[in-house]
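Everything on this sheet refers to the single structure shown next.
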Amino acid sequence: MTNRTNNSTETQDRIVDHLREIDPTLINATADPRAILLRRLLDSIGMFDFIAFLETAFSIQIKDEEVVSGNFGSVASVVEFVEAKRSLK
């Protein structure tokens with residue numbers, strides 16, 4: 001369980017760091033990054049780049065039909081989605 005928690009924390013940190021690289025104002029230090037709604041932060045090109053980042057950084061493949069709010073509605077849902085995809089390997 002601790003290993004999974006550590007992986008999830010690492011995954012979240014990498015995702016939040018990437019979002020801050022896109023735009024440092026997207027997620028400020030006081031906001032809970034797990035609750036940030038990504039659809040409000042990223043336009044379609046930004047989302048495309050974000051998905052490319054996830055695929056490269058976490059060695060996963062994301063199908064078009066998986067790009068739904070349940071998987072990409074918040075940082076927390078992205079972390080959960082990425083961890084689930086990684087566990088399938």
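These values consider heavy atoms only, across backbone and side chains, with no hydrogens, waters or symmetry-generated copies.
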How long is the span from the [atom1] atom in [X] to the [atom2] atom in [Y], to the nearest 0.5 Å?
X: Gln12; Y: Asp17; atom1: CD; atom2: CG; value: 10.0 Å
X: Asp49; Y: His18; atom1: CG; atom2: NE2; value: 7.0 Å
X: Glu80; Y: Ser8; atom1: CD; atom2: OG; value: 8.5 Å
X: Arg14; Y: Leu19; atom1: CZ; atom2: CG; value: 13.0 Å
X: Glu83; Y: Ile60; atom1: CD; atom2: CD1; value: 9.0 Å

Which atoms form the tightest heavy-atom contact between [X] and [Y], and what is the distance?
X: Ser77; Y: Ser69; answer: OG-O, 4.3 Å
X: Ile15; Y: Phe53; answer: CA-CE2, 4.3 Å
X: Glu55; Y: Ile62; answer: OE2-N, 2.8 Å
X: Glu66; Y: Gln61; answer: OE1-O, 3.9 Å

Check: Heavy atoms, side chains only, cut-off 4.5 Å: are Leu54 and Lys85 in contact?
Finding: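 They are not in side-chain contact.
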Next item on the list: Determine whether Phe50 and Val67 make a side-chain contact, defined as any pair of heavy atoms from C-beta on separated by less than 4.5 Å.
Entry: no
